[in-house]
Structure formats: structure tokens, C-alpha cells
Amino acid sequence: MGDLRTEEFVVNMGPVHPSTHGVCRLMLTMNGEQIVDAEPVIGYLHRAIEKICENRTYPQCIPMMDRFEYVTAMSTNELFCLATERLAEVEVPERAEYIRVIMLELNRIASHLIFYGTTAMDCGALTPFLWGLRERELIIDLFEETCGQRLTYNYFRIGGVANDLPIDFVPKCRSALDVIEGKMSDYTGILNNNPIWLARLKGIGTAEADHALAWGVTGPVLRACGVAHDLRKDDPYSIYDRFDFEVPIAQEGDCYARYLVRLEEIRQSIKIVRQALDGLPEGETRTKIKANFKPPAGEIYTRIENSRGEMGIYIQSNGDKKPLRVKLRGGSYNQLQFLPEIVRGKGYLIADLVAIFATFDVILPEVDR
Amino acid sequence: MTKEELTAYVGGHFDGKLKLLDTGRYDPMFEIQPGDLLDVARALRDDSRLQFDYLCSMGGVDTGEHLEVVYSIASSKTKSRLDFKFSLPYDKAEIDSIQEVWPGINWYEREAWELYGINVRNHGNLKRFLLPDDWDQGHPMLKNWDAPDFIRMPER
Amino acid sequence: MERLELKHIFSWLHDLLVSTGLGEPWLSVVTYLMLGAMMFGALSVIALFLVWWERKISAHVQQRFGPMRNGWHGWYQTIMDAIKLLQKEDVRVTNRDKFVFFWAPVICFVAAFLAYIVIPFGDGLIVADFNIGILYIMAVTTFTIISLLMAGWGSNNKYALLGGMRSAAQMVSYEIPMVASILVVIVYSGSLSMVDIVESQSGMIFNWFIFKLPFGPIAFITYIIAATAEANRVPFDLPEAEHELVAGFNIEYSGMKFAMFFLAEFVNMFTVSAIAVTLFFGGWNGWLLPSWLWFLGKTLLVVLLLMLFRWSYPRLRVDQLMEFAWKFLVPLTFANLLVGAAFKYLGWYW
């Protein structure tokens with residue numbers, strides 16, 4: 001047995017693998033079934049959105065934003081419109097701001113419901129996936145009624161929203177929120193105290209707050225490490241400073257903490273939407289901008305709180321009708337490059353990596369753009 | 001710290017290495033010298049009143065006359081935020097890596113190298129990742145870039 | 001009405017063939033073959049039914065409808081699926097190990113069906129009452145491990161190989177607590193024969209071993225956990241863990257070969273449930289209704305339990321799976337066996 005030789009071998013996880021949520025390739029260096037190192041290989045979804053935006057007028061860029069992060073396309077709409085409005089100093093009518101907040105928070109709920117479903121599915125429980133999508137359907141139906149689309153909404157406009165809410169939106173939205181809130185106990189009931197679920201998630205993929213911040217990790221992943229960093233509170237955009245909500249945090253920083261933080265965020269979002277529905281004023285929904293819209297020269301970096309962390313956009317304008325430069329920043333981008341830091345040398349198994357990847361809630365269009 | 005205080009504080013400290021520009025909207029925008037990059041980054045992170053502990057974004061810009069590199073940083077503790085940038089000529093596009101200050105800049109620097117051809121010193125992992133591994137058609141985000149295999153659809 | 005027994009079916013077939021003028025020994029050979037075909041057909045129907053049932057149950061757990069198009073609530077959906085799988089192209093990897101790749105599904109399929117020789121479906125409805133019945137089942141179902149290993153190796157695919165190795169490790173580990181919890185029953189029945197085990201539970205409901213044994217429920221629960229692992233079902237479905245190994249050992253299989261693995265899985269599920277009923281729930285014992293109906297009903301209830309497990313639990317990690325088997329189940333079942341044997345020796349039971 002003296003010359004028994006062992007060696008590390010490389011497993012390609014992806015680009016088409018059921019639990020990489022898109023087309024991400026993880027090159028795993030394995031020692032047996034333990035992961036020694038992981039290297040994400042991205043670019044399979046690169047659509048050159050930034051380059052395309054440079055060749056389009058400002059209003060024409062909004063549909064491109066839908067494709068930037070299609071799980072929460074409302075947020076990307078808001079991101080671009082907000083940045084352009086700040087750049088060109090366009091006022092947004094009161095009613096439009098409320099509608100935007102309603103849409104953003106509904107979209108956050110929908111995104112977290114997908115997270116809930118896919119995480120459970122990646123850990124082998126299929127039922128929560130269908131439950132999560134079932135309630136997401138209610139929200140998507142509301143979006144469809146409002147803007148005619150179910151995934152790429154293209155609803156926000158520079159200076160407001162494309163059209164007013166449909167007539168019976170408010171009661172329908174309230175009943176959808178009631179349904180989702182009622183189902184929350186089902187969600188937690190099937191997983192939270194399940195010993196297998198706890199064994200799969202607790203103590204796995206633990207991240208330290210400083211370490212995560214240095215790598216630019218934001219959003220629920222950072223809040224699960226005990227940092228109450230939420231741009232809706234810290235750098236309020238739109239009208240978020242008018243609403244009463246809490247920023248859920250957890251201290252452990254592991255997969256289970258991230259899961260709990262996201263579930264609690266669903267509750268907080270429901271709270272915000274309810275307040276926004278109560279306060280919804282009458283009035284205009286859109287400030288008309290000139291057909292030949294040219295923001296003054298200048299540059300701006302704008303950030304909003306997406307369900308996957310800080311989502312930012314850098315726009316440089318030279319006074320022309322097309323932006324000189326659009327740089328997009330997604331939360332998943334930093335989280336994916338942080339992933340090897342968490343995995344490296346901890347001796348996790350592939351099953352743990354799947355859980356970590358799922359609770360990071362990485363989606364690839366945001367990474368590749 | 002309000003935005004005005006922040007602007008005054010940053011402009012007044014750090015040996016005047018950060019000069020306020022008037023192009024910034026909403027958040028202050030400063031200009032630095034490319035050689036000061038590492039010092040400035042370290043100073044901004046370590047300053048007790050600023051504590052810029054994470055990097056939001058970093059990217060190249062091609063203005064048509066020269067290249068620019070823009071860094072957007074923020075603090076999770078003091079909630080403040082600022083941008084700084086510097087210009088580079090096309091023929092000498094080279095910057096220092098500031099991974100030791102904010103390691104999260106790793107992929108952003110890779111991207112600037114890949115899409116703008118900005119060489120990053122001491123990066124250690126300059127590999128293609130958004131473009132195909134065998135990409136040999138230049139740096140597509142440059143304004144004068146033209147794709148050799150770009151075939152226009154025939155007019156009907 | 002006369003009681004339904006296998007020997008009546010046999011003599012009926014025999015008489016039918018005598019009228020065609022066939023002489024011995026071909027007469028017996030053909031009769032046995034026909035009987036075998038009947039058994040095979042019945043089990044295939046059960047397996048197809050279980051596939052449909054699983055889909056319906058999963059659908060209702062998840063508040064969907066499941067198959068609805070083919071017949072009433074899609075009752076012949078699985079038959080159509082089987083026909084579709086039969087027609088499909090049999091995709092084969094170039095660098096496979098031809099012999100091993102071909103025979104793996106066959107062995108898996110045959111091993112799954114072999115167990116039914118000694119399962120008593122009803123009073124007299126048993127093909128052969130071996131005096132080592134339960135031992136025989138344990139021996140035969142172990143063939144499944146070999147077939148999964150063969151499938152993993154023959155596919156020449158690392159996911160398949162990992163799946164095959166995992167399943168071998170898992171099934172060998174869970175065999176031990178399974179046998180240990182079965183042994184308690186055997187201590188009390190005093191026989192390995194399936195018919196004897198059932199007959200020693202006749203009479204009232206408290207004679208069922210789950211109530212009669214000193215810690216009957218523990219024996220049953222440990223058995224059902226180990227059996228879930230044996231049948232490769234959630235939460236122990238690691239050999240085919242979709243999100244780690246894509247599909248595990250059967251990743252390279254398609255068409256009918258895949259269908260054989262698939263059906264064998266459901267037949268296995270029925271087997272472990274049938275054993276559970278035989279050992280713990282009095283087998284065919286019941287009142288009023290015919291014995292085979294009692295057996296079938298009880299077995300389907302246990303199958304239902306396994307299905308509900310599947311649709312409500314996440315999957316264990318591979319090391320947690322092993323820890324659970326060796327650090328928890330094995331000591332527990334052995335302690336239970338020891339206590340059971342002691343009670344038997346002291347006569348503290350009814």
C-alpha cells in the first residue's frame with residue numbers, strides 16, 4: 001500500500017446543472033467528496049446590455065433593464081428611472097411614487113418566494129417550491145393586469161409610471177397580501193423545525209460580517225451576518241422614508257440565518273405594501289418629459305435595495321440623448337465572487353455548496369449582464 | 001454626516017489628493033491622480049469619520065477622448081457615499097489593483113481589463129470571464145470598437 | 001364463494017391446458033410459466049398504479065391536479081407513459097461498458113420482482129412458502145445494490161458513478177438496522193417463514209406484532225426508516241439526488257432501460273411496504289373482507305406513508321445519512337432486539 005496515490009480532481013458543476021439557477025459553471029477542485037476550492041466561471045449569459053444601452057436613447061434603455069435582472073424587473077426599472085430622474089432633475093408625481101413602492105415591494109415578495117421554493121428544492125424538498133410559486137402567481141397576475149407583462153414589465157417611465165393602476169387593483173392586492181400572509185405559517189411550518197432542514201442549513205456557509213462587507217456583499221446575505229444595512233433605511237430613495245418597517249437581521253451568518261432573514265423580509269414587505277395602499281393618493285401618474293429627452297451633462301451612481309442586495313447603476317451623460325456610459329452593478333455579482341471565499345478549505349460537500357449557492361440567491365443574468 | 005459636510009471634509013483632508021468635480025449629481029464626485037489610487041483608497045477606508053468599508057462599483061468609461069476609471073464606494077456604518085475617478089490616456093491605460101483595500105473589486109478590475117483593455121497591475125487573476133475564452137477581437141466597450149464578424153441584415 | 005387461493009388458480013389453469021391435449025412434462029412447465037406471467041402482470045399493474053398514485057398524491061400535497069387528461073383523473077396516464085418510453089430511442093454512451101450497462105437495469109428489475117415469490121398476498125395466495133422466507137427476501141433485494149453499482153460503473157460518467165457508490169454505501173448501511181428490526185419479530189414468531197409469521201399474528205388486533213412486541217412501534221419505525229433508505233426515497237434519495245448528481249446512477253439511461261429502473265423503484269417500495277405489513281400489521285389477517293383485500297389495503301396505507309415522507313421532507317446530506325445509520329439507528333435497533341429477546345425469555349408478553 002506504500003505507493004497508493006491520491007489526487008484532487010476537478011468537477012465541472014454546470015453550466016447546465018439543476019442547482020446553479022441559470023448557466024453558471026463552478027469548477028470544483030474536489031478531494032473525494034469534499035470541496036477544496038471552487039471557481040465560478042461566468043459569461044454564459046453575457047448580452048452586452050451596457051454596450052447596447054450606449055446606443056439607445058434613455059427611454060429606450062428601460063426595456064434593456066428588464067433583462068438585466070428578470071426576477072425583480074421592477075427594481076431594475078426603478079433603478080434606471082431613479083438615476084435618470086436625479087440626473088435630469090425630473091419630479092415624479094406623488095401617486096406614481098406610491099405605485100412604484102407597491103410594485104417594488106410586491107416584486108421583492110415574489111423574488112423571495114422564488115428563493116424559498118428553489119432553496120427547498122435544492123435541498124430535496126419539492127413541495128415548498130410549488131407552494132412558493134403558487135403564491136408568486138397571485139403577484140404576477142397583479143403585474144400582468146397592471147402592465148401586461150409577467151416577467152419583463154417595462155412599467156416604470158422616466159418621471160412616473162406607464163399607466164395608472166387598473167380599477168380593482170387595490171382590493172385585489174389586499175386579498176393577495178392576505179393570502180400570502182396566511183400561507184407564511186405553512187412555509188415556516190413545513191421547514192423551520194424540520195430536523196433534516198436544520199441539519200442541512202445550520203452552521204453551513206457561515207460568513208463573517210467584515211469579510212462579507214470587504215467583498216462587497218450586501219442585502220440579505222449581509223444582514224444575516226448581523227449588519228443592519230438596508231438602503232431603504234440608510235439612503236432612502238423614492239418615498240421609503242415615509243413607511244414604518246423593520247430591517248430583519250440575524251447574527252449567525254449561516255445558510256439558515258439567510259433563509260430566516262428572507263422570510264421575515266416577506267412579512268416586512270407585506271407591511272410596506274399595506275401602508276402604501278392605505279396612503280395611495282389620487283392624481284397624475286406621470287410627468288411628461290420632452291420627446292427629445294436630453295439630461296444635462298454629468299454623472300451619477302445610484303443604488304437601490306434589491307432582493308439580492310445593493311443594485312447600482314452608474315450613468316455618465318454628455319448632454320446627448322444617449323448615455324455615454326451605463327455601468328450596472330448587481331448584488332449577485334459580488335455574492336458570486338464571494339462564494340469561493342466561503343467554500344475554500346472548509347471541507348464542505350457538494351450538497352453544502354448547493355445549499356450555500358441557493359441561499360446566496362444568485363441569479364446569473366445579474367452577474368453576466 | 002450630510003453631503004455638504006462630507007464634501008468639505010474629504011476635500012479638506014487627505015493632502016488635497018481628492019479634488020471635487022462639478023459633474024457629480026446627487027453624490028459628490030472627486031478626481032484623483034492615478035498614482036495616488038492605493039493611498040487614497042487606503043486612507044478613505046481607514047479614516048475613522050468616513051469608514052468606507054465596501055466598494056459599490058468600479059468601471060471604465062470611454063469618453064471618446066480618453067479613458068476614465070470610476071470608483072463608487074460606500075460605508076455601511078456612517079451611511080455616506082462618494083465617487084472618485086481619474087483619466088487615463090488610451091496608450092497608457094494602466095492602473096493599480098486595490099484588492100488589498102477592498103477585495104471585492106477583483107471581478108470589477110477583471111471586467112475593466114477585459115472590456116476596456118485597462119491593464120491592472122498586481123491583480124493576479126486577469127482571465128477572460130464575460131467574453132469567450134478564445135476572444136481575440138479587442139475590447140468591445142471601447143467606442144471605436146467594431147466587430148469584424150458583424151454582418152448587417154440585407155435590406156428588403 | 002370459495003376462497004381465492006393460488007392452488008385453485010393453478011388447477012384451473014392446469015385443467016384448461018389438459019383440454020388442449022398437452023402432455024406432461026410440458027403441461028406443468030406451461031402452467032407455471034402462465035402463472036408466472038400472471039404474477040408479473042399483476043405486479044406491473046401495481047407498479048403502474050403506484051406511479052399514478054404517487055403523482056396524484058404529490059399533486060394534492062402541492063395543491064395541483066396532477067395528471068388529468070387520460071381518463072378519469074388521468075388513470076391511464078402511466079400506461080401511456082410506459083408506451084412512450086417503449087417507443088423511445090435507446091440512447092447509449094459510446095464509452096460505456098457494454099455488458100454491464102445492458103444488464104444493470106435487467107438485474108434491478110428481476111431482483112425487484114424475485115421478492116414476490118415469498119410474499120403472502122392472502123391466505124393461500126403465496127407462490128412458495130419457503131421456511132427461510134424473510135431471509136430470502138433480504139438476500140434477493142440486495143441484488144439491487146449490485147445493479148445500481150453496475151449502472152454507475154457501466155455508464156462511464158462521474159455523476160453516475162458517484163450515485164452508484166452512494167447507493168451501495170447507503171443500502172449496505174441501512175441493511176443492518178433493517179435486519180435488526182426484523183429480527184425482533186422473528187424472535188417472537190419463532191419462524192422465518194412468511195406464512196408462519198402472519199399466522200402467529202392471527203386473532204385479534206392486539207396480536208399484531210406492532211402491539212404485541214414490547215417496543216413494537218420502535219421496531220416498526222426503525223424498520224420503516226431503514227426501508228425508506230432501502231427503497232432510495234426521500235429523505236434518503238441520495239443516489240439520485242437531483243441537485244447534486246443531476247440524476248445519479250440512471251443519468252445515462254433512456255427509454256425502456258430507464259423505465260425498468262423506474263418501475264423497479266416502485267416495485268421495491270411496494271415490497272418494503274408488504275414486508276412491513278406482514279411483519280407488523282398482521283399480514284392478511286382481518287375480518288369480513290377477503291384476506292387479499294386486507295393485505296392490499298394495509299400495504300397501500302404503508303405506501304401512502306412513504307409517499308407523504310417523500311413530499312414533505314428535504315434530503316439528508318450524504319455524511320449525515322451515514323451518521324444517522326451507524327450512530328443512531330444501529331444502536332437503537334440492537335438495543336431493541338436485546339430488550340425484545342430478554343422480554344421473550346422472561347415471558348413478559350401476551
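Each chain gets a letter, A, B and so on, in the order its sequence line appears, and its residues count up from 1. Since this is a predicted model, take the numbers as computed values, not measurements.
B:Met29 touches chain A through its side chain: at least one heavy atom from C-beta onward sits under 4.5 Å away, while N, CA, C and O do not. B:Glu68 touches chain A through its side chain: at least one heavy atom from C-beta onward sits under 4.5 Å away, while N, CA, C and O do not. The parts of A:Asp368 that come within reach of chain B are both its backbone and its side chain, each placing non-hydrogen atoms under 4.5 angstrom from that chain. With a 4.5 angstrom heavy-atom cutoff, A:Gln337 touches chain B via backbone and side-chain atoms both. Looking at A:Ala297, the atoms closer than 4.5 Å to chain B (heavy atoms on both sides) all sit in the backbone: N, CA, C or O. Only the side chain of A:Thr218 comes within contact range of chain B, with heavy atoms under 4.5 Å apart. In this structure, the portion of B:Ser72 lying under 4.5 Å from any heavy atom of chain A is its side chain and not its backbone. Proximity to chain A (any heavy atom under 4.5 Å) is restricted, for B:Leu142, to the backbone atoms N, CA, C and O. With a 4.5 Å cut-off on non-hydrogen atoms, B:Val70 touches chain A through its side chain but not through its backbone. When heavy atoms are compared at a cutoff of 4.5 Å, A:Leu222 does not approach chain B at all. Contact of A:Glu341 with chain B is not made at all, since no heavy-atom distance falls under 4.5 Å. Residue contact with chain B, scored on non-hydrogen atoms closer than 4.5 Å, involves the backbone of A:Ala228 exclusively. Using a 4.5 Å cut-off between heavy atoms, B:Asp83 contacts chain A through its side chain alone, with no backbone atom that close. Only the side chain of A:Gln316 comes within contact range of chain B, with heavy atoms under 4.5 Å apart. Within the 4.5 angstrom heavy-atom criterion, no atom of A:Val41 approaches chain B. Only the side chain of B:Asp27 comes within less than 4.5 Å of a heavy atom of chain A; its backbone N, CA, C and O stay farther away. Using a 4.5 Å cut-off between heavy atoms, B:Pro132 does not touch chain A at all. Only the side chain of A:Tyr314 comes within contact range of chain B, with heavy atoms under 4.5 Å apart. The contact between B:Asp62 and chain A is made entirely by backbone atoms, counting heavy-atom distances below 4.5 Å.
Around atom CD of A:Gln60, more than 12 heavy atoms belonging to other residues, nucleotides or ligands sit under 6.0 Å away. Within a 6.0 Å radius of CD in B:Glu5, other residues, nucleotides and ligands contribute more than 12 heavy atoms. Within a 6.0 Å sphere centred on CD of A:Glu91, other residues, nucleotides and ligands contribute 12 heavy atoms or fewer.
Here the closest heavy-atom approach between residue B:Gly60 and residue B:Ile118 is recorded as CA-CD1, 4.3 Å. Residues A:Arg47 and A:Pro365 share a closest heavy-atom pair of NH2-O, 3.1 Å.
Judged by distance alone, with hydrogens and angles left aside, the side-chain atoms of B:Gln51 form a donor-acceptor pair with the main-chain N or O of B:Ser48 at under 3.5 Å. Within the 3.5 Å criterion, the main-chain N or O of A:Val36 finds no donor-acceptor partner in the side chain of A:Thr29.
Heavy-atom pairs under 4.5 Å with chain B were tallied for A:Gly312, A:Pro296, A:Pro40; the largest tally goes to A:Pro40. For the options A:Asp210, A:Asp234, A:Val217, heavy-atom pairs under 4.5 Å to chain B are most numerous at A:Asp234. The greatest number of non-hydrogen atom pairs below 4.5 Å with chain A, out of B:Thr63, B:Leu115, B:Asp22, is found for B:Thr63. Highest contact tally toward chain B, considering only A:His46, A:Arg86, A:Glu54, A:Lys233, is held by A:Arg86 [criterion: heavy-atom pairs under 4.5 Å]. Contacts with chain A were tallied for B:Trp102, B:Trp107, B:Tyr108, B:Phe129; B:Trp107 has the most, counting heavy-atom pairs under 4.5 Å.
A distance of 9.0 Å separates CG of A:Leu79 from OG1 of A:Thr84, quoted to the nearest 0.5 Å. Going from atom OG1 of A:Thr57 over to atom NZ of A:Lys294 covers 11.5 Å, rounded to the nearest 0.5 Å. With rounding to the nearest 0.5 angstrom, the CD1 atom of B:Ile98 is 10.0 Å from the CZ atom of B:Arg45.
For the pair A:Arg232 and A:Asp230, the salt-bridge criterion is met [side-chain N within less than 4.0 Å of a carboxylate O]. Using a 4.0 Å cut-off between a side-chain N of Lys or Arg and a carboxylate O of Asp or Glu, A:Glu97 and A:Arg242 do not qualify as a salt bridge. With salt bridges taken as basic N to acidic carboxylate O contacts below 4.0 Å, none links A:Arg325 and A:Glu299.
Annotation: cation-pi geometry not satisfied between A:Arg25 and A:Tyr44 (NZ/CZ under 6.0 angstrom from ring centroid, within 45° of ring axis). At least one test fails for B:Arg81 against the ring of A:Tyr301: distance under 6.0 Å to the centre or angle within 45° of the axis.
With A:Tyr240 as the partner, the side chain to side chain contact (heavy atoms under 4.5 Å, CB included) test is satisfied by one option alone out of A:Ile304, A:Leu104, A:Leu231: A:Leu104.
Within residues 327-335 of chain A, the residues approaching chain B closer than 4.5 Å by heavy atoms are, in numerical order, A:Lys327, A:Arg329, A:Tyr333, A:Asn334.
Residues A:Phe357 and A:Val343 form no side-chain contact, since every pair of their non-hydrogen atoms from C-beta on lies 4.5 Å or further apart.
Between the side chains of A:Tyr237 and A:Glu78, not a single donor N or O lies within less than 3.5 Å of an accepting N or O.
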